[in-house]
There are 2 protein chains.
Amino acid sequence: MAEILNISRKEQIVNVAAKLFKQKGFVATSMRDLAAELGIEAASIYYHFKSKEELLEKICFDMADKFITNAKEVNDIYFNAEEKLKMAIKLHVETITENQNQSSVFLSEWRNLSEPKLKLFRQLRQQYENQFTIILADGEKEDIFDDVDKKFAVLSILSTINFINEWYKPEGKMNANEIADKLSYFIMGGLRKRLVTDR
Amino acid sequence: MAEILNISRKEQIVNVAAKLFKQKGFVATSMRDLAAELGIEAASIYYHFKSKEELLEKICFDMADKFITNAKEVNDIYFNAEEKLKMAIKLHVETITENQNQSSVFLSEWRNLSEPKLKLFRQLRQQYENQFTIILADGEKEDIFDDVDKKFAVLSILSTINFINEWYKPEGKMNANEIADKLSYFIMGGLRKRLVTDR
DNA sequence: GCCATTGCCTAACGAATGTTAGGCAAAATT
DNA sequence: AATTTTGCCTAACATTCGTTAGGCAATGGC
């Protein structure tokens with residue numbers, strides 16, 4: 001029982017931290033800001049977490065785990081490369097829209113990590129990017145995708161699907177699935193008008 | 001003469017500031033960090049600038065001006081929408097690669113501006129985005145581009161061409177023009193393989 | 001009913017922050 | 001030659017920062 005309460009309080013702190021880190025940035029958010037939002041004193045946070053950075057680490061690595069797990073699942077389960085890419089984009093967009101604050105921190109505030117966690121984090125990011133590289137390579141083999149510069153393409157794709165994090169509002173007219181569909185369409189087809197003979 | 005020296009010292013401070021703001025972030029960069037890099041004392045900076053924020057403002061608004069001027073020129077001079085988009089992308093990439101530090105600050109650190117400058121900055125960003133919206137609308141009229149959701153497409157395009165700021169290194173194998181070409185190709189054509197009959 | 005744990009508190013610390021005041025030498029101006 | 005301006009300095013300020021120490025009331029299991 002005490003254990004349960006403890007966990008839920010910890011989660012509450014992490015959530016509020018993510019919200020403030022997104023809003024003002026990690027460095028500009030003080031432990032006192034955080035405590036005020038929680039209705040407690042700054043010192044009390046140290047009962048649950050041993051430092052401010054531990055909060056950042058928790059958020060960044062939890063999200064990294066989510067993204068990687070999703071991408072690996074896609075690469076394991078789905079068959080066709082186009083289907084895989086669509087699914088990976090869909091899950092990515094869903095993860096961002098369902099965890100807006102934490103995603104923001106994952107995407108923008110990770111550079112405030114200090115070594116050796118910083119290095120570890122970069123490796124996880126790389127792992128995630130690799131999953132996309134695999135999909136593109138599959139697509140090329142299947143003769144579905146163009147023979148593009150993989151690294152370049154992966155970074156372009158990720159930058160595009162990450163950017164929704166800066167403007168997506170849950171009350172907006174598009175839901176996560178609609179956004180993912182549009183993004184997939186745009187990424188695969190581009191802007192240029194296609195002839196009817198084109199696939 | 002004094003005037004010239006003064007200006008050049010001011011510029012030197014701005015350049016170092018941009019470098020550190022990119023490296024560590026605006027909030028995490030102290031006036032003492034800045035001074036140390038310049039080989040002077042923190043207090044001495046206040047002879048040239050009246051506050052830390054003034055440095056941020058200078059960088060953000062100077063870059064905003066560059067981007068907007070470029071885009072407006074493109075929209076004035078070039079005729080065809082595809083040509084316009086290519087040119088706008090090219091100039092954007094050039095501006096980023098030629099001003100890496102300042103561009104980083106423009107793209108990521110502007111949110112540390114405080115009102116009323118923050119509001120003004122947002123308006124300038126909007127102005128820039130609008131120039132791209134115009135190009136897309138032109139392209140649609142000319143039946144070159146798909147009938148895409150303009151706001152969505154503009155944000156996707158900008159996020160893609162902005163992301164190079166995070167990985168571009170001058171010593172890399174691609175120069176600004178090659179990057180711009182690849183980006184244009186990707187943005188307009190997407191990933192999917194086109195048939196020969198396609199334009 | 002006793003005791004340990006939980007979850008918070010107050011108070012304080014040393015360090016770092018942005019900024020100001022006042023001074024001083026060299027250079028530019030007159 | 002006298003005077004002003006430039007560009008920096010030292011010293012200090014009030015504030016804020018992350019964090020620690022120690023205490024105290026409520027809650028849990030025994």
Side-chain angles (χ1 to χ4, degrees), chain A residues 1-60 105 109-115 117-118, chain B residues 1-60 105 109-115 117-118:
Chain A
M1 166 62 173
E3 195 64 10
I4 292 169
L5 270 180
N6 185 22
I7 286 173
S8 110
R9 185 52 148 172
K10 277 187 95 161
E11 277 175 359
Q12 192 190 346
I13 294 175
V14 170
N15 287 339
V16 173
K19 176 179 149 198
L20 293 191
F21 291 171
K22 171 181 181 160
Q23 226 167 71
K24 324 174 41 164
F26 174 75
V27 184
T29 303
S30 73
M31 294 299 266
R32 285 164 181 87
D33 290 339
L34 229 170
E37 189 85 10
L38 286 158
I40 60 176
E41 292 298 314
S44 307
I45 299 173
Y46 288 84
Y47 176 76
H48 302 278
F49 296 92
K50 72 175 200 298
S51 69
K52 186 185 172 188
E53 178 148 357
E54 202 188 31
L55 286 167
L56 181 61
E57 290 167 5
K58 176 115 179 74
I59 297 170
C60 288
V105 176
E109 300 299 325
W110 58 270
R111 66 203 187 102
N112 294 297
L113 291 168
S114 40
E115 300 292 2
K117 298 279 181 178
L118 181 57
Chain B
M1 167 63 174
E3 193 65 10
I4 291 169
L5 271 179
N6 185 22
I7 286 176
S8 109
R9 185 52 148 171
K10 277 187 95 162
E11 277 175 359
Q12 192 190 347
I13 294 175
V14 170
N15 287 340
V16 173
K19 175 180 151 198
L20 294 190
F21 290 172
K22 171 180 182 161
Q23 225 168 72
K24 326 173 39 163
F26 174 75
V27 183
T29 303
S30 73
M31 294 299 267
R32 284 165 183 84
D33 291 338
L34 229 170
E37 190 83 10
L38 286 159
I40 58 175
E41 291 300 313
S44 306
I45 299 172
Y46 288 84
Y47 175 77
H48 304 276
F49 294 93
K50 70 176 205 294
S51 69
K52 186 184 172 187
E53 176 146 356
E54 201 189 31
L55 286 167
L56 180 62
E57 289 167 5
K58 176 112 179 74
I59 298 170
C60 289
V105 176
E109 301 298 326
W110 59 269
R111 65 205 187 99
N112 294 298
L113 292 167
S114 41
E115 301 292 3
K117 297 279 181 176
L118 181 58

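Letters A, B, ... are given to chains in the order of the sequence lines, protein chains preceding strands, and every chain is numbered from 1.
- The shortest non-hydrogen separation linking B:L34 to B:I13 is CD2-O, 4.1 Å.
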TODO: Going 5' to 3' through nucleotides 9-22 of chain D, assign each nucleotide B (protein heavy atom under 4.0 Å from a base atom), S (under 4.0 Å only from sugar-phosphate atoms) or - (no protein heavy atom that close).
DONE: BBBB----BBBBB-
TODO: Given side chain to side chain contact (heavy atoms under 4.5 Å, CB included), test B:K58 with B:V105 step by step and report yes or no.
DONE: CA-CA 10 Å; B:K58 176 112 179 74; B:V105 176; over 6 Å; no
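- Both the sub-6.0 Å distance and the 45° axial angle are satisfied by B:K52 relative to the ring of B:F26.
- B:E57 approaches B:K117 most closely through the heavy-atom pair OE2-CG, 3.4 Å.
- Nucleotide C:dG7 holds its P atom 12 Å from the CD atom of A:Q12, rounded to whole Å.
- When rounded to the nearest whole Å, the span between CD1 of B:I45 and C1' of C:dT17 equals 13 Å.
- Rounded to whole angstrom, the span from the CZ atom of B:F49 across to the P atom of D:dG7 amounts to 12 Å.
- Closest approach of B:A35 to B:A42, counting heavy atoms only: CB-N, 3.3 Å.
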TODO: Dump the intermediate steps for side-chain hydrogen bond (donor to acceptor under 3.5 Å, both in side chains) on A:E109 and A:N112, then the final yes or no.
DONE: CA-CA 6 Å; A:E109 300 299 325; A:N112 294 297; 3.0 Å; yes
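- Residues from residues 17-25 of chain B lying near DNA chain C, meaning a heavy-atom separation below 4.0 Å, are absent.
- Contact annotation: B:H48 side-chain N/O to D:dT6 OP1/OP2 distance is not under 4.0 Å.
- Dashed line: the shortest gap from a side-chain N or O of A:Y47 to OP1 or OP2 of C:dG7 is under 4.0 Å.
- Within the 4.0 Å cut-off from OP1 or OP2 of D:dC8, at least one side-chain nitrogen or oxygen of B:R9 is found.
- Here the closest heavy-atom approach between residue A:E37 and residue A:V16 is recorded as CG-CG1, 3.4 Å.
- B:E54 contributes a side-chain N or O that, together with a main-chain N or O of B:K50, makes up a donor-acceptor pair within less than 3.5 Å.
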